[in-house]
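Single-structure report; data block below.
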Amino acid sequence: MRPPNRPRPARVPLRWKIAALAAATACLVVAAVGVLVHLWTAKDIRDRATAHAFNTVYSAMDTYRRTGALADGVELDPAELPAALRHPADGARHTAYDGRVEGNLGPSVWAAQRVGGPGSPVLALRVNMSPELYGLRRLDMVMAVASLIALAAATPLAVYGAGLLGRRLRQVSETAGRISAGDLDARTGPTKGRDEVADIAATVDLMADSLSRRLRTERQFTADVAHELRTPVGGLLAAADLLPPGETEDLLRARVRDLRGLVEDLLEISRLDAGAEQPVRAHVPLDAVVSGAVARTGLDTEVTVADVPHGQTERTVETDPRRLERIVSNLVINAHRHGDTPVQVTVEGRTVVVRDHGPGFPQDLLRGGPRRFHTGARERGSGHGLGLTIALGQARLLGAELRLDNAPDGGAVATLRLPD
């Protein structure tokens, strides 16, 4: 049984996710380092320019006061002097940053100092930072190119490493999928590395061992109970034949027949569990087999056969008719026993749909499938919970798909699709 089909988003391989994460992390690291180096270098250039201007003005002022001559690059009241330095309030040295760019000149750092008292000229020096800033731009470019080269080299390595991890996880996933599909002997086995993936693989194998032991114990118990009960049930039937006719005899016969049916169901399940059953296939008309199976249940069931498609002369399938009848009769009996009328059977193409109008299948049955001796919700009525188990086992043996759902307007729906 499979849950209802739902659209699934496109799956992105894990190795690409890890590679994308590694690339994004590398980009962030490169960007952060590049920004920090740029800011630190720019600040260092400005600090050195400020110190150079400050010290040069000090020596130029000493020369000017002693000789009256101006050192190279030093001017008195230059026109380009920033406003903050034109009228200093004292005779101390001051510096200011000038962000103007004129050709190859700028940005700059100015240093200025009055040559005398208030109102005296201002001796000023301009230190051009454009050569150093050009070197900073070259450094930024080199870092960007180096980062791209490093990223181009690191991304394939990340993809390769993620691929190794993805293959190990895929192996564990495939093993879990095989176990879920019924292969109780599937194991991941030892995996390389002592990490979380190896722990997951070991846990899956331990889970499979435990599940296999429990299922084998349950199957063996079912087979043992069925075989042990078969002989006493036969004896009960023989003893019932010796009772005088009457109400007691009829009641006892009915109960013994129910018990014999239960034993036969258990034997059938044990054979299906052991893989001892083999289908005997033949070409048979699907609508006739389904109609016959419904009629033999003796229950009031509406059977609808869709029209044969144009160009098709008959509606035949290659299957085991006895097992197909078993599946259909179990579904019809289950619908009457646990659902509500009307019970409808529809045959269309290679599909058989059995629907009732009762409370529907309980959600735990739809999620995990039928369980033996468990009928689900209380409103579904009483029973042994073996009918659906047998139907599903016979469907798997025929290579068919049996899907259990609930109709939107209420009622349980069982859909059997025979293989092509």
Query raised in the report: Residues in salt bridge (Lys or Arg N to Asp or Glu O under 4.0 Å) with D77, at least two apart?
Result: none
Report task. Could you go through the side-chain contact (heavy atoms from CB on, under 4.5 Å) check for V413 and D356 one step at a time? Result -> CA-CA 7 Å; V413 180; D356 64 50; over 6 Å; no
Query raised in the report: Any side-chain heavy-atom pair from N334 and F361 closer than 4.5 angstrom?
Result: yes
**Report entry** Criterion side-chain contact (heavy atoms from CB on, under 4.5 Å) on R326 and R322, from CA distance to verdict
**Finding:** CA-CA 6 Å; R326 181 68 163 148; R322 183 182 67 83; 6.0 Å; no
Query raised in the report: Mind checking whether D98 and P107 have side chains closer than 4.5 Å, heavy atoms only?
Result: no
Report task. Check whether any side-chain heavy atom of L331 sits under 4.5 Å from a side-chain heavy atom of L388, and report yes or no. Result -> yes
Query raised in the report: Side-chain contact, heavy-atom cut-off 4.5 Å: T415 with V352?
Result: no
**Report entry** Closest approach of R296 to E325 (non-hydrogen atoms, all atoms of both residues)
**Finding:** NH2-OE2, 2.8 Å
Query raised in the report: Looking at H336 and D300, what are the two nearest heavy atoms and their distance?
Result: CE1-O, 3.0 Å
Query raised in the report: Counting only N and O atoms by type, is there a donor-acceptor contact under 3.5 Å from the side chain of H357 to the main-chain atoms of T341?
Result: no
Query - Gap between atom CG of L416 and atom CG of L404 - 0.5 Å precision - result: 10.5 Å
Considering only distance and modelled atom types, tabulate donor-acceptor pairs under 3.5 Å from the side chains of residues 130-137, sequence neighbours left out.
unit_1 : atom_1 : unit_2 : atom_2 : d
S130   : OG     : N104   : O      : 2.8
S130   : OG     : N128   : OD1    : 3.2
S130   : OG     : N128   : ND2    : 2.7

Query raised in the report: Backbone N or O of W40 within a donor-acceptor pair of the D44 side chain at under 3.5 Å?
Result: no
Report task. Step by step, work out the side-chain contact (heavy atoms from CB on, under 4.5 Å) result for V289 and V317. Result -> CA-CA 10 Å; V289 174; V317 294; over 6 Å; no
Query raised in the report: Is R86 reaching over with its side chain to a backbone N or O of L81, donor-acceptor style, under 3.5 angstrom?
Result: yes
Query raised in the report: Is it true that a side-chain atom of R350 and a backbone atom of P419 form a donor plus acceptor pair closer than 3.5 Å?
Result: yes
Query raised in the report: Does any N or O in the side chain of T319 come within less than 3.5 Å of the main-chain N or O of P321, such that one atom is a donor and the other an acceptor?
Result: no
Query - Spacing of CD belonging to E401 relative to CZ belonging to R417, to within rounding of 0.5 Å - result: 5.5 Å
Report summary line: Interatomic distance, CG@L392 vs CZ@R403, rounded to 0.5 Å, equals 13.5 Å
Report task. Take atom CG of D90 as the centre, draw a 6.0 Å sphere, and report whether it contains more than 12 heavy atoms from other residues, nucleotides or ligands. Result -> yes
Query raised in the report: Just by modelled atom types, is the M207 backbone N or O under 3.5 Å from a matching donor or acceptor in the S210 side chain?
Result: no
Query raised in the report: Are the side chain of S120 and the backbone of G117 linked by a donor-acceptor contact shorter than 3.5 Å?
Result: yes
Query - Exercise: identify the closest heavy-atom pair between G349 and L286 - result: O-CD2, 3.3 Å
Requested in this report: Check step by step if side-chain contact (heavy atoms from CB on, under 4.5 Å) holds for V328 and V294.
Outcome: CA-CA 7 Å; V328 173; V294 172; 4.0 Å; yes
Report task. Mind checking side-chain contact (heavy atoms from CB on, under 4.5 Å) for Q113 and listing every partner two or more places apart, or none if nothing turns up? Result -> V57, M61, R65, R93
Report task. Kindly give the heavy-atom pair with the smallest separation between R187 and T175, and that separation in Å. Result -> C-CG2, 3.6 Å
Requested in this report: Could you tell me whether D140 and R138 have a side-chain N and a carboxylate O separated by less than 4.0 Å?
Outcome: no
**Report entry** Close side-chain approach of Q394 to N330, heavy-atom, < 4.5 Å
**Finding:** no
Query raised in the report: Quick one: NE2 on H338 to CD1 on I333, what's the gap to the nearest 0.5 Å?
Result: 10.0 Å
Query raised in the report: So do P88 and V122 actually touch side chain to side chain, heavy atoms under 4.5 Å?
Result: yes
Query raised in the report: Roughly how far, to the nearest 0.5 Å, is CG of L123 from CG of L70?
Result: 6.0 Å
Query raised in the report: With side chains defined as the heavy atoms from C-beta onward, is the minimum distance between I327 and L398 less than 4.5 Å?
Result: yes
Report task. Look at atom CD of Q344 and say whether more than 12 heavy atoms of other residues, nucleotides or ligands are closer to it than 6.0 Å. Result -> yes
Query - Between CG on residue N406 and CZ on residue R355, distance to nearest 0.5 Å - result: 10.0 Å
Report summary line: Heavy-atom closest pair (T301 atom, V343 atom, distance to 0.1 Å) is CG2-O, 3.4 Å
Query raised in the report: Are R126 and S108 linked by a side-chain donor-acceptor pair shorter than 3.5 Å?
Result: yes
Query raised in the report: For H38, does its backbone N or O pair with a side-chain atom of T41 as donor and acceptor, under 3.5 Å?
Result: no
Report task. Without swapping roles, check the side chain of S173 against the backbone of L169 for a donor-acceptor pair under 3.5 Å. Result -> no
Query raised in the report: Any side-chain heavy atom of S59 within less than 4.5 Å of one from D62?
Result: no
Query - Shortest non-hydrogen contact between L76 and V115, atoms and distance - result: CD2-CG1, 4.0 Å
